[in-house]
Amino acid sequence: MSLNDIKTRIAAAESAAGREPGSVTLIAVSKVQPPERVEAVLESGHRIFGENYVQEAQRKWPAWRARYPDCSVHMIGPLQSNKAKQAVELFDAIHSLDRISLARKLAHQMAEQGRSPQLFIQVNTGDEPQKAGILADELPGFIAACREMGLNPYGLMCIPPESQDSTPHFRLLRRLAEENGLTGLSMGMSADFESAIAEGATHVRVGSAIFGARDYS
């Protein structure tokens, strides 16, 4: 599916939900994609991309940023605490703040570097033991701790369980954001971004529907 097709579907979903045109940010997830596919999307004028791995982003984006200085690159995958320095240097937003130890490292690096990437707290809406993220009932305390460190979280992110309907998870995330005074909602991927928009997503993360299937070999 072309980038224009995805943008048309996003616009239709915004309209159907009674939302302002352009109120949803499309993050084109370029992880593990061949450079020529990413460059085609850059050439088309899109400027907001998502990456899952710090080292991969370090290899790819400095050269592209030199050619396309208005790019915005978002970290959407799990972030190791020992990669906090590079993450603050590289990314304009981090969607996977999920533990106190990482919050401390990010607070230190943001103060040291004078950079303030937009921060989304990852919430484990399905209470899945194998999945990262703050549990819903622990979220207020976590947000308070982040603010005490000088961090100013912008929003929440979730990845619903694969085996379940995403919509209840999107609704829960929206309620949690409203209860905690946060405005950003990073939710919805290639298969369910229209449902996420209906439930209030401000950022949707779409990869394979734009770039094609990934080859991990």
Side-chain angles (χ1 to χ4, degrees), residues 25 27-32 47-62 64-65 69-160 172-174 176-189 201-205 207:
T25 297
I27 301 170
V29 181
S30 47
K31 68 168 184 177
V32 198
R47 291 292 182 267
I48 303 169
F49 292 83
E51 293 286 344
N52 277 49
Y53 311 109
V54 171
Q55 286 172 302
E56 181 184 354
Q58 283 178 311
R59 291 194 304 269
K60 291 158 55 172
W61 282 99
W64 280 331
R65 281 186 185 276
D70 54 341
C71 277
S72 178
V73 186
H74 294 222
M75 177 64 177
I76 61 172
L79 179 58
Q80 296 173 305
S81 295
N82 64 2
K83 296 287 198 301
K85 180 177 186 291
Q86 297 97 313
V88 171
E89 290 171 350
L90 274 168
F91 297 109
D92 302 289
I94 295 170
H95 292 239
S96 47
L97 174 54
D98 63 357
R99 59 198 186 279
I100 287 291
S101 60
L102 178 59
R104 290 194 188 100
K105 289 288 184 72
L106 290 173
H108 173 74
Q109 288 299 328
M110 288 165 71
E112 193 165 89
Q113 297 183 38
R115 295 198 78 235
S116 299
Q118 204 171 58
L119 297 177
F120 292 78
I121 296 168
Q122 183 171 350
V123 180
N124 187 346
T125 57
D127 290 350
E128 297 175 275
Q130 80 283 9
K131 188 175 284 184
I134 303 299
L135 298 178
D137 59 356
E138 297 174 357
L139 184 62
F142 183 77
I143 292 171
C146 287
R147 288 172 173 158
E148 286 174 8
M149 296 177 204
L151 298 178
N152 185 27
Y154 172 73
L156 304 178
M157 182 272 261
C158 75
I159 305 172
L172 171 60
L173 201 72
R174 180 176 185 169
L176 292 170
E178 289 171 348
E179 289 174 354
N180 288 282
L182 303 177
T183 56
L185 286 170
S186 173
M187 59 189 196
M189 297 186 282
T202 60
H203 295 68
V204 295
R205 312 180 302 271

Novice: Would you say the side chain of N180 lies within less than 4.5 Å of the side chain of L139, judging by non-hydrogen atoms?
Specialist: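 They are in side-chain contact.
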Novice: Can you tell me how far CD1 of I134 sits from CG of N124, rounded to the nearest 0.5 angstrom?
Specialist: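 N124 CG to I134 CD1: 9.0 Å, rounded to 0.5 Å.
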Novice: Which atom pair, heavy atoms only, marks the closest approach of V88 to Q109?
Specialist: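 Closest approach of V88 to Q109, heavy atoms only: CG2-CB, 3.8 Å.
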Novice: Taking the side chain as every heavy atom from C-beta outward, state whether I143 and R147 have any atom pair closer than 4.5 Å.
Specialist: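 A side-chain contact exists here, since the closest heavy-atom pair is under 4.5 Å.
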Novice: Centres of the H74 and F120 rings: under 6.0 Å?
Specialist: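 Centroid separation for H74 and F120: 6.0 Å or greater.
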Novice: How long is the gap from CG on N52 to CD1 on I76, to the nearest 0.5 Å?
Specialist: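 If I round to the nearest 0.5 Å, the distance is 4.5 Å.
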Novice: Look up atom CG in D98 and atom CE in M157, then write down how far apart they are to the nearest 0.5 Å.
Specialist: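 Answer rounded to 0.5 Å: 8.5 Å.
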Novice: Where is the tightest heavy-atom contact between V32 and K60, given as atom of each residue plus distance?
Specialist: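 Between these two residues, the closest heavy atoms are N-NZ, 4.3 Å.
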Novice: So how far is it from I121 CD1 to S96 OG, rounded to the nearest 0.5 Å?
Specialist: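 Between atom CD1 of I121 and atom OG of S96 there are 11.5 Å.
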Novice: Please confirm whether W64 and F49 have ring centers closer than 6.0 angstrom.
Specialist: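 So the answer is no for these two rings.
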Novice: What's the separation between atom NZ in K83 and atom CG in L79, rounded to the nearest 0.5 Å?
Specialist: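 Between atom NZ of K83 and atom CG of L79 there are 9.0 Å.
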Novice: Could you report the tightest heavy-atom contact between D137 and P140, atom names first, then the distance?
Specialist: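 Looking at all heavy atoms of both residues, the closest pair is O-CD, 3.9 Å.
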Novice: What are the two closest non-hydrogen atoms of S30 and E56, and how far apart are they?
Specialist: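 Smallest interatomic distance, heavy atoms only, reads O-OE2, 4.1 Å.
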Novice: How about NZ on K85, more than 12 heavy atoms from neighbouring residues, nucleotides or ligands closer than 6.0 Å, or not?
Specialist: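 No, the 6.0 Å shell around NZ holds no more than 12 heavy atoms from other groups.
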Novice: Is the shortest heavy-atom distance from the side chain of H203 to the side chain of Q118 under 4.5 Å?
Specialist: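 H203 reaches Q118 side chain to side chain.
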Novice: Quick one about R99 and S81 (side-chain donor to acceptor, distance below 3.5 Å, no hydrogens or angles considered), yes or no?
Specialist: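 Yes, R99 and S81 have a side-chain donor paired with an acceptor closer than 3.5 Å.
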Novice: Using modelled atom types and a 3.5 Å cut-off, is there a donor and acceptor pairing between side-chain atoms of R104 and backbone atoms of M149?
Specialist: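 No.
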Novice: Is there a side chain to side chain contact (heavy atoms under 4.5 Å, CB included) between I94 and L106? Walk through the geometry before answering.
Specialist: CA-CA 10 Å; I94 295 170; L106 290 173; 3.9 Å; yes
Novice: So how far is it from L176 CG to T125 OG1, rounded to the nearest 0.5 Å?
Specialist: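 L176 CG to T125 OG1: 9.0 Å, rounded to 0.5 Å.
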Novice: Using side-chain heavy atoms (C-beta onward) and a distance below 4.5 Å, is Y154 in contact with P117?
Specialist: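 Sidechains of P117 and Y154: no contact.
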Novice: Side-chain contact, heavy-atom cut-off 4.5 Å: M75 with L90?
Specialist: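 Of all side-chain heavy-atom pairs linking L90 with M75, none is under 4.5 Å.
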Novice: Any sub-3.5 Å donor-acceptor pair from K105's side-chain atoms to I100's backbone N or O?
Specialist: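 No, because the side chain of K105 does not come within donor-acceptor range (under 3.5 Å) of the backbone of I100.
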Novice: When you measure from the side chain of Q86 to the backbone of Q55, do you find a donor-acceptor pair of N or O atoms at a distance under 3.5 Å?
Specialist: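 No, because the side chain of Q86 does not come within donor-acceptor range (under 3.5 Å) of the backbone of Q55.
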Novice: So, are R47 and D92 salt-bridged, with charged N and O less than 4.0 Å apart?
Specialist: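 No.
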Novice: Please assess V73 against E51 for the test side chain to side chain contact (heavy atoms under 4.5 Å, CB included), listing each intermediate value before the final yes or no.
Specialist: CA-CA 7 Å; V73 186; E51 293 286 344; 4.1 Å; yes
Novice: Going by atom types alone, do S186 and R205 pair a side-chain donor with an acceptor below 3.5 Å?
Specialist: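 Side-chain D/A pair, S186 to R205: present.
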Novice: Does H95 form a side chain to side chain contact (heavy atoms under 4.5 Å, CB included) with Q122? I'd like the steps, not just the answer.
Specialist: CA-CA 7 Å; H95 292 239; Q122 183 171 350; over 6 Å; no
Novice: Would you say the side-chain atoms of R65 pair up with the backbone N or O of S72, donor to acceptor, closer than 3.5 Å?
Specialist: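 Not a single qualifying donor-acceptor pair exists.
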Novice: Do T25 and I48 come close enough that some side-chain heavy atom pair is under 4.5 Å?
Specialist: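 A side-chain contact exists here, since the closest heavy-atom pair is under 4.5 Å.
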Novice: Return the minimal non-hydrogen interatomic distance between L185 and L173, and the atom names on each side.
Specialist: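 Result for this residue pair: CD2-O, 3.6 Å.
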